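Comments concern the structure below.
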Amino acid sequence: MYDLLVVGAGPYGLSIASHAAAAGLSLRVFGRPMASWRDHMPPGMFLKSEPWASNLSDPEGRWRLDAYCAERGVRARHGEPIPVEMFASYGLWFARHSVPEVDERVVAHVRACPGGFEALTEDGTSVRARTVALAVGVLPFTEIPPVLRRLGAEFVSHSSDHADLDRFRGRDVTVVGGGQAALETAALLAEQGTRVRVVARAEALGWNDLPPAWERPWWQAARAPHSGLGCGWRNWFYAERPGVFRRLPEPTRARIAASALGPAGAWWIRDRVEPSVEVLLGREVAEAYASGGRLRLDTVGRTGEPMSLDTDHVVAATGFRASRERLALLADELRDGLAASSDGSPRVGREFESSWPGLFMAGLVTAGGFGPAMRFVHGASFTAPTLVRGVRRRLRNGPAQLRLPAARERRGALGAAER
């Protein structure tokens, strides 16, 4: 039986595995490395986060994005977005250098068993571990508006469904949403010759400003410090103090997690959207149905005025909603046994342990507890060491069947001391 099973091999899963391996834990890592970036984002997309805020986390800080870029003769510069293809390649490079072998099979089911947990892979292989870290990313939590859900994949998809957009060349596509995913998807569609429009509930699109220079007068830096989530003290707090954020009252945390860093496009996408993409603001899709081989959308404005339009396909760039119920890979008794926060996400303790002893959570699903940083790669730098510390505590102090063998505990402590 392993000490830790990491389910997921994105930035959070790989970072957790790096810290766990360095701590001397026996572990298995399952998942296709960097799958969201390799399989669910079309070519031409860029990271919204700054390069220096997009590092995966290893204990010594050796395998940073800038180190990867330098090795390839490319500079990762402040204020210059990184292509998603480069970021995906960086993640694979990080895994090769800092993580034990990753098993690319998908974990289909996790259940409790004597002494810990049993995971079944998609081909039926059983693996047991004393603790589990779920780092499943955002894909289990895709959110499509109810009015669109009953329509088939021929007419409706989520923005995360597409590794490329070629199928929409020469067609008419409506993108629903007003954030970065919607606007960047619309720009790429327009640039390949697709007739595209954006339908958004907001009265105006939000655009992030060009970030100020990295080096600037001290008084400017003091007034609006850089952070992994943008400039300003509020963003700095969210990015750099997630442990303190967790001490806020739960209603406050839920409100901030739902509203902070709301829908907005990156500064570098604005000039690609405004000249070439039709934008219908202040409108919501009230009804959608197939009509003559196409899709009819009945929309309504803020003051109730109706407008209908016909389109070939709708891309719902409507984000993600992380809830306990959407953790479908967990056995019913395990999922139902998790305490939930007011936003429906599993409640986690200060070291990311859920209410089920030995089951840890990471990434978007913990944003209600630790704040907006958990929606971004930057949050992995806090999550990974904190979660692994919690795993070690659980193995050391938990029920007898979870205790870390003394010899291995000594090896882990010696390794930590040497580092």
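Every value quoted in this text rests on a predicted model; they were computed, and no experiment measured them.
When every heavy atom of His19 is checked against every heavy atom of Ser57, the shortest pair comes out as NE2-OG, 2.8 Å. Nearest heavy atom pair, residue Leu338 against residue Arg324, reads O-NH1, 2.5 Å. Listed here is the closest heavy atom pair of Ala129 and Leu4: CB-C, 4.1 Å. Nearest approach of Leu261 to Pro372, heavy atoms of both residues: CD1-CB, 3.9 Å. Of all heavy-atom pairs spanning Arg253 and Arg246, the tightest one is NH1-O, 3.0 Å. For the pair Asp161 and His40, the tightest heavy-atom approach, listed with the atom from each and the gap, is CA-ND1, 4.5 Å.
With hydrogens and angles disregarded, a donor-acceptor distance shorter than 3.5 Å links the side chain of Thr299 to the backbone of Met307. Looking at Arg128, its side chain never comes within 3.5 Å of a backbone N or O of Glu118 through a donor-acceptor pair. Counting only distance, with no hydrogens or angles, the side chain of His158 and the backbone of Gly319 share a donor-acceptor pair below 3.5 Å. At distances below 3.5 Å, not a single donor-acceptor pair connects side-chain atoms of Arg394 with backbone N or O atoms of Pro357. Side-chain atoms of Ser227 come within 3.5 Å of backbone N or O of Leu229 as a donor-acceptor pair. A distance-only check finds a donor-acceptor pair linking the side chain of Ser276 to the backbone of Arg272 [under 3.5 Å]. Side-chain atoms of Ser323 do not come within 3.5 Å of backbone N or O of Gly344 as any donor-acceptor pair. For the pair Thr194 (side chain) and Val196 (backbone), a donor-acceptor distance under 3.5 Å is absent. Distance alone, capped at 3.5 Å, places no donor-acceptor pair between the Arg302 side chain and the Gly282 backbone. Of the possible polar contacts, none joining the Thr174 side chain to the Arg197 backbone as a donor-acceptor pair under 3.5 Å is found.
At most 12 non-hydrogen atoms from other residues, nucleotides or ligands lie less than 6.0 angstrom from CD of Glu101. Enclosure of atom CZ in Arg169 by more than 12 non-hydrogen atoms of other residues, nucleotides or ligands within 6.0 angstrom is indicated. Surrounding CZ of Arg216 are more than 12 heavy atoms belonging to other residues, nucleotides or ligands, all under 6.0 Å away. In the displayed structure, Arg234 atom CZ is contacted under 6.0 Å by at most 12 heavy atoms of other residues, nucleotides or ligands. Residue Asp123 qualifies as enclosed at atom CG: its count of foreign heavy atoms under 6.0 Å is above 12.
By the 4.5 Å heavy-atom criterion applied to side chains, Val391 and Asp3 are not counted as neighbours. Counting heavy atoms from C-beta on, the side chains of Glu143 and Arg149 come closer than 4.5 Å. Counting heavy atoms from C-beta outward, Asp298 and Pro306 have side chains that stay 4.5 Å or more apart. In this structure the side chain of Glu287 never reaches within 4.5 angstrom of the side chain of Ser308, judged on heavy atoms. Within the 4.5 Å cutoff, side-chain heavy atoms of Ser160 are placed close to those of Phe320. Counting only heavy atoms from C-beta outward, the side chains of Glu351 and Thr386 approach each other to under 4.5 Å. Looking at Phe94 and Asn55, their side chains never come closer than 4.5 Å, going by heavy atoms from C-beta outward. Taking the side chain as every heavy atom from C-beta outward, Met361 and Ser354 approach each other to under 4.5 Å.
Distance check, rounded to the nearest 0.5 Å: CG of Leu5 to CZ of Phe360 gives 13.0 Å. A distance of 5.0 Å separates OG1 in Thr131 from CG in Leu395, rounded to the nearest 0.5 Å. From Leu134, atom CG reaches atom CG of Leu359 across 5.0 Å, with rounding to the nearest 0.5 Å. Atom CD of residue Glu184 and atom CE of residue Met45 lie 4.5 Å apart, to the nearest 0.5 angstrom. Taken to the nearest 0.5 Å, the CD1 atom of Ile82 stands 7.0 Å off from the CG atom of Leu47. Rounding to the nearest 0.5 Å places CZ of Phe30 at 7.5 Å from OG1 of Thr125.
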Practice item. Show your reasoning for whether salt bridge (Lys or Arg N to Asp or Glu O under 4.0 Å) applies to Arg167 and Glu154. Key: CA-CA 11 Å; Arg167 61 178 281 204; Glu154 175 189 357; over 6 Å; no
**Study point:** Test side-chain contact (heavy atoms from CB on, under 4.5 Å) applied to Thr311 and Phe155, step by step
**Key:** CA-CA 9 Å; Thr311 191; Phe155 290 118; over 6 Å; no
Review point. Which is it for Leu387 and Tyr12 under the side-chain contact (heavy atoms from CB on, under 4.5 Å) test, yes or no, and what are the steps along the way?
Key: CA-CA 10 Å; Leu387 185 149; Tyr12 281 81; over 6 Å; no
Review point. Does the pair Val136 and Phe141 meet the rule for a side-chain contact (heavy atoms from CB on, under 4.5 Å), with working shown?
Key: CA-CA 10 Å; Val136 293; Phe141 309 116; 4.1 Å; yes
Practice item. Could you give me the CA-CA distance, side-chain angles and deciding distance for Arg283 and Glu305, then say whether salt bridge (Lys or Arg N to Asp or Glu O under 4.0 Å) is met? Key: CA-CA 9 Å; Arg283 307 205 69 84; Glu305 68 277 13; 3.7 Å; yes
Point to revise | Trp207/Glu274 under side-chain contact (heavy atoms from CB on, under 4.5 Å): CA gap, chis, key distance, verdict | key: CA-CA 11 Å; Trp207 296 101; Glu274 291 183 335; 3.9 Å; yes
**Study point:** Verdict with supporting geometry, Arg393 and Glu353, salt bridge (Lys or Arg N to Asp or Glu O under 4.0 Å)
**Key:** CA-CA 10 Å; Arg393 190 188 307 276; Glu353 188 171 19; over 6 Å; no
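Partners of Ala213 under the side chain to side chain contact (heavy atoms under 4.5 Å, CB included) rule, at least two apart in sequence or in another chain, do not exist in this structure. Residues that satisfy the side chain to side chain contact (heavy atoms under 4.5 Å, CB included) test with Asn208, not counting sequence neighbours, are Lys48, Ala264.
Relative ring orientation between Trp93 and Tyr90 is described as tilted, the plane-to-plane angle lying within the 30° to 60° band.
Side-chain polar atoms of His78 and Trp52 form a donor-acceptor pair below 3.5 angstrom.
With Phe370 as the fixed residue, the ring-ring contact (aromatic ring centres under 6.0 Å, His included) test singles out one of Phe245, Phe376, Phe352: Phe352.
You'll find the ring centres of His378 and Tyr238 outside the 6.0 Å limit.
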